[in-house]
S.K.: 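Below you'll find the structure I mean.
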Amino acid sequence: MNLPEAGQYKFLWEISLGEIQEGKSVRTFGRLISYDAEQSEVILATQHDSSQYQVIVSTTFVEPFQPHFGTPYITLGEIQKKEGDQVQIKARILTCVDGINVSLLEHAIKEQRRYFQEREGRQ
Amino acid sequence: MENTNSEEEIHSFYWGLDPLFSTAVKLFVKDILELKQSRQAPGFYFYKTHPVYSVDIMGIVVQKKEKEEFSFYGVDDGTGVITCLCWKVADPAESSLSGPVRSDPDESRYPNLFKKLKHLNELDEKATMLEIGDVIRVRGDVEEFRGQREIKSSCYFKVDDPVWAVQISWMLELIHLYRNVYDQPFKLSEHLKERAHALKSEGMVTFPVLVAALADKIRQFVLENHVQTFSVKDLETVKSLVCFANRPVQSPSPAEEASKVVSTSKQVRGAFNEAIQLLMNAGSIFQKKSSSEDYVVTSENKELRTLTLDTVREDCRKWRHAEKGCSFSYILKCIQHSYNPCVTKAVMQQVLYHLEDDSDIYSTMDGHYMAF
């Protein structure tokens, strides 16, 4: 079986700021604020350090799609660059996670990163 | 430090002493893909110093391939992706449990039971039918198939995780386990290390290891052949034991080797004497008389056994012992007085242990016994 690359947890602001290489698989989360059915695109947004970050997510692979506005979603897909250097995620998976404890997830991701960094540092 | 640790693979004889070995180890997929193969046995792997063969993972299904009897799921936990081979649940209509449902005359007698059984089957089916995007938990053995590592599941199911709570707690739990268990080295205690070393260096052992192994051999030999009494000279006529005692011995330090050239016959005699001392300390044997070179095998001695049982029985009849039972020191004194002063505490313990094991006596409290 040809397996895809692992979708590592990335924060929405890291993707929005263009810190992630094109083609990389990622999983991230944010609130769904708009859906363009014609373009098959949603926008996920999140607050971080008092600024708002947004990323476009292409939904062509996950149609038909029923958007719930204002609720958090988790997506897993590949980073693509649109014209004008705009970043978008080509979603393979897009799941509504209404009720998720976002701060706990952020904590767990940071803990996991810290653990791997420490372990690699030790070796 | 870490590298030298991982190079030194612990002998497979001792893997079972690592509690992780007998569990399905919860690991990040990335680490399963990077597990080191054991040099000693195929199908076994190492995470740092811990031997691992069975793992437990949770992640999102990102790929799926159906076969008639099983499905392949590509599972992504955010650190890596691995293929999991998952056997399908047998079709409920064909399975032996619910197969006869339609024709079974019992169905009319126990309608509720059959309804529940059907419901359980449905749940089972639901839990094992997964689509891309579902969260899955898989437990199974790590295998290598066409150069790719995969998990051959022994158990898998869909995880109902609408608010991601199960996965978040899984991540946090694993970090805790890695820090507190997996990354702590699995160490053998010093005396085991010496034995493990002996196992590795093929036949070359140190003298104390040889003696301990010889004592085991002698114990085995006398039990198998129902030997009741023996002397060291008797043992020296048993070829297999002598050969064993004659194995090449490694001296603990090279300096000693130079100063002490031990002749083989001396080594054999020395090994036998020390092994006998070990067996005496353990209570497996005792001297026939205080200065005698003949030894009695505790577990084969019917006389001692009967005498002990009689002593306990007799003593329990006395009213002052009727409630508490007979004390260990009293039994020992009686036996030493009436039977043989060479019977030691350890021997007595062995006899009482066997009697208790056969339900001839029972202990009422610490060090007190009653007879049936």
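Chain identifiers are assigned alphabetically (A, B, ...) following the order of the sequence lines, protein sequences preceding nucleic acid strands; residue numbering begins at 1 within each chain.
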S.K.: Is it the side chain or the backbone of B/Asp31 that comes within 4.5 Å of chain A heavy atoms, both, or neither?
M.R.: side chain

S.K.: Where on B/Leu174 is there a heavy atom nearer than 4.5 Å to chain A: the side chain, the backbone, both, or neither?
M.R.: neither

S.K.: Given heavy-atom pairs under 4.5 angstrom as the criterion, report whether the side chain, backbone, both or neither of A/Ile100 touches chain B.
M.R.: both

S.K.: Hey, which residues of residues 59-83 of chain A are touching chain B, say heavy atoms under 4.5 Å apart?
M.R.: A/Ile74, A/Leu76

S.K.: Taking 4.5 Å as the heavy-atom cut-off, does anything in residues 25-37 of chain A contact chain B, and if so which residues?
M.R.: A/Arg27

S.K.: Should A/Glu118 and A/Arg114 count as an ion pair when the cut-off is N to O under 4.0 Å?
M.R.: yes

S.K.: Counting heavy-atom pairs closer than 4.5 Å to chain A, which one of B/Lys65, B/Arg179, B/Arg146 comes out on top?
M.R.: B/Arg179

S.K.: Does any N or O in the side chain of B/Asn180 come within less than 3.5 Å of the main-chain N or O of B/His176, such that one atom is a donor and the other an acceptor?
M.R.: yes

S.K.: Parallel, tilted or perpendicular, judged at 30° and 60°: which one describes the rings of B/His11 and B/Phe13?
M.R.: perpendicular

S.K.: Indicate, with yes or no, if the rings of B/Tyr47 and B/Tyr178 have centres closer together than 6.0 Å.
M.R.: yes

S.K.: Show, in sequence, the C-alpha distance, side-chain angles and deciding distance for A/Arg113 and A/Glu14, and conclude whether the salt bridge (Lys or Arg N to Asp or Glu O under 4.0 Å) test is met.
M.R.: CA-CA 14 Å; A/Arg113 289 183 180 179; A/Glu14 295 170 327; 2.9 Å; yes

S.K.: So among B/Tyr45, B/Phe21, B/Trp15, which one has a ring-ring contact (aromatic ring centres under 6.0 Å, His included) with B/Tyr53?
M.R.: B/Phe21

S.K.: Would you say A/Glu41's side chain and A/Val57's backbone share a donor-acceptor pair under 3.5 angstrom?
M.R.: no

S.K.: Would B/Glu66 and B/Lys64 count as a salt bridge (Lys or Arg N to Asp or Glu O under 4.0 Å) here? Give the steps.
M.R.: CA-CA 7 Å; B/Glu66 294 266 1; B/Lys64 182 181 167 181; 3.2 Å; yes

S.K.: Measure distances from B/Val61 to the heavy atoms of chain A and classify the residue's part below 4.5 Å as side chain, backbone, both or neither.
M.R.: backbone

S.K.: Does the distance from a Lys or Arg side-chain N to an Asp or Glu carboxylate O, for B/Lys152 and B/Asp141, drop under 4.0 Å?
M.R.: no

S.K.: Measuring heavy-atom distances to chain A, does B/Asp77 have an atom under 4.5 Å in its side chain, in its backbone, in both, or in neither?
M.R.: backbone

S.K.: Using the six-membered ring wherever Trp is involved, compare the ring planes of B/His50 and B/Phe186 and label them parallel, tilted or perpendicular (cut-offs 30° and 60°).
M.R.: parallel

S.K.: Measuring heavy-atom distances to chain A, does B/Glu150 have an atom under 4.5 Å in its side chain, in its backbone, in both, or in neither?
M.R.: neither

S.K.: Identify whether the distance between the nearest side-chain nitrogen and carboxylate oxygen of B/Lys26 and B/Glu173 falls below 4.0 Å.
M.R.: yes

S.K.: A/Gln52 and A/Thr46: side-chain donor and acceptor closer than 3.5 Å?
M.R.: no

S.K.: Under 4.5 Å between any side-chain heavy atoms of B/Gln63 and B/Tyr73, yes or no?
M.R.: no

S.K.: Side chain, backbone, both or neither: which part of B/Phe28 has a non-hydrogen atom closer than 4.5 Å to chain A?
M.R.: side chain

